[in-house]
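Contents: one structure, followed by commentary.
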Amino acid sequence: MTEFSLNHIDLNLLRTFDVLMRERSVTRSADRLGRTQSAISHALGRLREVFQDELFTRESGIMEPTARAKELAEVISRSLHEIRIAVDRHLNFDPATTSRNFRIGLSDYTAITYLPALIETFSKLAPKASLNVVHAREPDALGSLKSREVECAVLGNARLDAEDFEVVELSRDPMVCGGWKGNSAITDMTLDRYLTSPHLQISADGIAAGVADITLQRLGLSRKVVATIPHYLVAPWVMKGTNLISVFGDGVLLALTEESETVIVPPPIALPDVTISLIFDKANELDPGHRWFRDLIRTVSEKQRMLKQGVYKRLEL
């Protein structure tokens, strides 16, 4: 067996491994690195020789990392990231000229609230950069951040217990109650009508109790949940033409259209706000590009808050 040392491995080889871990595709990795597929395949062969492991196996057309590859990735990806930060600290980051790729994790709810304005503002300020949006749920967010699949995440009611990550509150969205305009219960909402109406719950896993259920339980009350769905944008169309009602954060107001025929009213009981937070690895704090991206997210958050105030005035809530 040939003995290898660090002298046999150049930085580009490790970069290729890092990108292969992210893309799980020789073709996409070649595109991202600006190299040919044969060059990436050759580099993969060299990596396999160096680490004495297959590193990636093909399952259902997707390159799946081996146990050794996953172990190596934890060290290599973080080390390369810290090298980039160390270099970037001594360079001037200019969003107008950077070709950097930014990756953000958004939940279904925060995608509704942030995504349109985020993409619009990002593309104007950083026309040569790219933005990848990844669907993120709280149980998976920490893993996505640790693996560098995303460099930050914006989630609602995040409860991440990890000392290496910063959680910055962006906003607190009040809960509102919604239903079809032809539903007499929603147009004249009382606690009794709220409790006896059929409820549509929006739940990413379809299992967890909603904030309304938890609040009602504390009051010795309960509601009738007849169905759960995973997506907020679907809710108005599911409720249309029915007696279903639902509760959700007021960020959904930004996505409602007249065609949905949705009426929004305050809930008949006090419900806790949805706390929206920006989560990122503390190692990124001094990265000028990452700092710019975080500031951009905060700017978008404030812009959306102002837009919601306009919607409230229009709806006279």
More than 12 heavy atoms from other groups under 6.0 Å of NZ on K282: yes
Can you list everything that forms a side chain to side chain contact (heavy atoms under 4.5 Å, CB included) with A73? Sequence neighbours excluded, please. F17, M21, S77
Determine yes or no for a side-chain-to-main-chain donor-acceptor pair under 3.5 angstrom, with T121 supplying the side chain and L118 the backbone. no
Side-chain contact test, heavy atoms from C-beta onward, threshold under 4.5 Å: evaluate it for I104 versus V150 and give yes or no. no
Between L271, I269, I186, V263, which is the residue that forms a side-chain contact (heavy atoms from CB on, under 4.5 Å) with C177? I186
Between R48 and E54, is there a donor-acceptor pair closer than 3.5 Å when you use the side chain of the first and the backbone of the second? yes
Assess the side chains of H290 and R294: does a donor N or O sit below 3.5 Å from an acceptor N or O? yes
Any idea which heavy atoms bring A212 and V247 closest together, and the distance? CB-CG2, 3.9 Å
For D18 and L80, work out which heavy atoms get closest and say how close. CB-CD1, 3.6 Å
Determine whether a donor-acceptor pair (N or O, by modelled atom type, separation under 3.5 Å) exists between the side chain of Q52 and the backbone of E49. yes
Is it the case that over 12 heavy atoms from other parts of the model lie below 6.0 angstrom from the CZ atom of R15? no
Answer yes or no for R68 and F51: cation-pi contact, defined as NZ/CZ to six-membered ring centre under 6.0 Å and angle to ring axis within 45°. no
Name the orientation class of the two ring planes belonging to F102 and F293 (parallel below 30°, tilted from 30 to 60°, perpendicular beyond 60°). tilted
Could you check if a side-chain atom of R223 sits within less than 4.5 angstrom of a side-chain atom of Q201, using non-hydrogen atoms only? yes
Crowding at NE2, H135 (>12 non-hydrogen neighbours, <6.0 Å): yes
What's the verdict on side chain to side chain donor-acceptor pair (under 3.5 Å) for S171 and D173, showing C-alpha distance, side-chain angles and the deciding distance? CA-CA 6 Å; S171 66; D173 295 0; 3.2 Å; yes
Quick one: sort the W292 and F122 rings into parallel, tilted or perpendicular, breaks at 30° and 60°. tilted
Quick one: does any side-chain atom of D287 pair with a main-chain N or O of G289 as donor and acceptor, under 3.5 Å? yes
Test log, rule side chain to side chain donor-acceptor pair (under 3.5 Å), inputs R35 and T16: CA-CA 10 Å; R35 302 174 65 187; T16 300; 3.1 Å; yes
Sub-3.5 Å donor-acceptor pair from the side chain of T299 to the main-chain atoms of D295, do we have one? yes
Determine whether a donor-acceptor pair (N or O, by modelled atom type, separation under 3.5 Å) exists between the side chain of D281 and the backbone of F165. no
Would you say the side chain of S144 lies within less than 4.5 Å of the side chain of V134, judging by non-hydrogen atoms? no
If every non-hydrogen atom of M175 is compared with every non-hydrogen atom of P272, which pair is closest and at what distance? CG-O, 3.1 Å
With a 6.0 Å cut-off (strictly less than), is the heavy-atom count around CD of E169, excluding the residue itself, greater than 12? yes
How far apart are the closest heavy atoms of R78 and A283, and which atoms are they? NH1-CB, 4.3 Å
For a 4.5 angstrom cut-off between non-hydrogen side-chain atoms, does L55 reach L72? yes
Hey, is the main chain of L278 close enough, under 3.5 Å, to the side chain of R298 for a donor-acceptor pair? no
Take a 6.0 Å sphere around CD of E74 and say whether it holds more than 12 heavy atoms from other residues, nucleotides or ligands. no
Side-chain contact, heavy-atom cut-off 4.5 Å: N183 with T242? no
Quick one: does any side-chain atom of D108 pair with a main-chain N or O of Y232 as donor and acceptor, under 3.5 Å? yes
Are L20 and L13 joined in one hydrophobic group, where the rule is that I, L, V, M, F, W and Y side chains link up if heavy atoms are under 4.5 Å apart? yes
Can a donor-acceptor pair be found, under 3.5 Å and without considering hydrogens, that links the side chain of E23 to the backbone of S29? no
Of all heavy-atom pairs between E166 and V168, which one has the smallest distance, and what is that distance? CG-CG2, 3.9 Å
Can you check whether Y109 reaches L155 side chain to side chain, under 4.5 Å on heavy atoms? no
Flag, side chain of S197 to backbone of I245, donor-acceptor distance under 3.5 Å: no
Give the minimum heavy-atom separation between A117 and Q304, together with the two atoms involved. CB-OE1, 3.5 Å
